[in-house]
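What you see below is based on every heavy atom in this structure, not just the backbone, and it leaves out hydrogens, waters and symmetry mates.
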Amino acid sequence: MRADRLVRIMVLLQNNGRMTTRELSRTLEVSHRTILRDMDALSLSGIPVVADRGKTGGWRLMDHFRSQLSGLKLDEMKTLFILPSESMLEELGVRTFGTDTRQKLLAALPSATKSEARHFLEKIYIDTGTWKPAADKNKALTIIQEALWADRKLKLVYQKADGTSSSIIVCPLGLVVKGSVWYLVALNEQEAYRNYRLSRIVQAEPAGEGFTRPEDFHLAEYWKRSKLAFSESLPAFHVKVAAAPEVVSRMTFTDKFVVKVAEQARPEDGMLDVTLNFNTEQEAVQYVLGFGGAVKLIEPERLIALLIQQAHAVIGMYRS
């Protein structure tokens, strides 16, 4: 703990130039006496820390004591401050002190770029977690990580989209987090690359056998190709609806389904023509029904009968 605190004192002094004993004790949540002992320890270890007297005085590092990240351009330095979210690192079992890590990086920057980098640090924060944290963590993640680091095969019980489960042996190659969802990239028993959503892994255990990782495999490049192939394979199903103006803002809030919104309202009913895109007909019908009488299906006409049928089914549930 003390070694950690001594490093933090050095970082604070490098970033702030000069700090009083009171400021350091308040920031580090220790007593004034502890700070004085820490300063003695820094001096004895060869760190040139000095105390200036007077109203504007305080502790500071001598000017010649500066570490630098030489050879890096400003834009490259900025990327160092874009750290993964704390929740993501915690799920991986990585202990983090959040902003402290970035403060240590800031302390190592040359003075010429430190000011601009400091502005960048204060204006970017990444949070990949959901608004309401999940009550339970994926227990398989720890087991998967251990097999991943050791290049050991895994035996998984994996639940498919249709609800059925199967037992498979895979060679884990990498973990990818998209948004707040984790995926395991692995070779299956047919030596084909596959992506497995961790939330569907019912059980994971070591298979007791090692494997040789493919030399030509690069996780980031593979994931980009896989994501592109998946998006291109999704069916495109266009639907035209008439929407009441007051619900159009709700429809366009996420931009997930809306392709185009007419600028002028329809003269016959004052509604706006909206073109939507879905992956399936069922998805389209359920979406339109969700808006009740505020959205009317126009095209394709063959879906109107299905929509009416499902609307009657809903009514029947409450009349029975």
Side-chain angles (χ1 to χ4, degrees), residues 79 82-94 126-237 254-257 277-284 286-287:
T79 63
I82 306 177
L83 301 178
S85 71
E86 292 178 29
S87 61
M88 184 194 309
L89 291 173
E90 286 173 2
E91 289 180 10
L92 286 171
V94 178
I126 298 175
D127 181 2
T128 58
T130 58
W131 287 107
K132 186 176 181 180
D136 56 335
K137 299 289 184 181
N138 191 301
K139 297 179 180 178
L141 183 56
T142 302
I143 297 172
I144 290 171
Q145 285 184 79
E146 292 173 355
L148 183 63
W149 305 146
D151 289 335
R152 310 288 293 181
K153 291 184 179 181
L154 279 167
K155 182 179 181 181
L156 306 179
V157 177
Y158 190 73
Q159 186 178 59
K160 301 177 183 177
D162 61 5
T164 62
S165 298
S166 59
S167 180
I168 54 177
I169 302 291
V170 301
C171 302
L173 300 177
L175 284 165
V176 175
V177 60
K178 181 170 174 53
S180 59
V181 180
W182 286 95
Y183 293 88
L184 168 66
V185 178
L187 279 172
N188 64 13
E189 292 175 276
Q190 290 72 44
E191 297 189 350
Y193 294 111
R194 291 290 183 268
N195 305 329
Y196 301 97
R197 183 166 174 152
L198 259 65
S199 60
R200 291 184 182 171
I201 296 178
V202 180
Q203 183 179 343
E205 59 183 55
E209 183 181 350
F211 69 93
T212 302
R213 185 182 178 87
E215 293 184 4
D216 59 348
F217 177 79
H218 301 284
L219 182 60
E221 294 177 7
Y222 162 80
W223 184 257
K224 290 175 183 177
R225 293 194 305 269
S226 175
K227 188 172 67 171
L228 179 61
F230 176 75
S231 61
E232 290 179 346
S233 68
L234 293 174
F237 184 73
T254 63
D255 288 332
K256 182 177 181 180
F257 300 113
N277 182 57
F278 301 96
N279 299 135
T280 65
E281 294 183 356
Q282 184 62 30
E283 185 180 42
Q286 291 176 346
Y287 180 84

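Side-chain contact between Tyr222 and Asn195 is present, with at least one heavy-atom pair separated by less than 4.5 Å. Between Phe257 and Asn277 the shortest side-chain heavy-atom distance does not fall below 4.5 Å.
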Donor-acceptor list for residues 183-193 side chains, cut-off 3.5 Å, not counting sequence neighbours:
residue, atom, partner, partner atom, Å
Asn188, OD1, Gln190, N, 2.9
Asn188, OD1, Glu191, N, 3.1
Asn188, OD1, Ala192, N, 2.9

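Scored by the side-chain contact (heavy atoms from CB on, under 4.5 Å) test, Gln203 finds Val157, Glu205 as partners (sequence neighbours excluded).
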- Message: If you apply the rule side chain to side chain contact (heavy atoms under 4.5 Å, CB included), what do you find for Ile144 with Trp182, and how did you get there?
- Response: CA-CA 11 Å; Ile144 290 171; Trp182 286 95; over 6 Å; no
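Atoms OG and CG, from Ser233 and Leu228 in turn, are 9.5 Å apart once rounded to the nearest 0.5 Å. Rounded to the nearest 0.5 angstrom, Gln145 CD and Ile143 CD1 are separated by 11.0 Å. For the atom pair CD of Glu209 and CG of Asp151, the computed distance is 12.5 Å after rounding to the nearest 0.5 Å.
When every heavy atom of Glu283 is checked against every heavy atom of Phe278, the shortest pair comes out as OE1-CB, 3.4 Å. Contact detail for Trp223 and Lys178: the closest heavy-atom pair is CZ2-CD, 4.2 Å. The two residues Pro172 and Leu148 make their nearest non-hydrogen contact at O-CD1, 3.5 Å.
For the side-chain hydrogen bond (donor to acceptor under 3.5 Å, both in side chains) condition, the pairs that include at least one residue of residues 156-172, sequence neighbours left out, are Asp162-Thr164.
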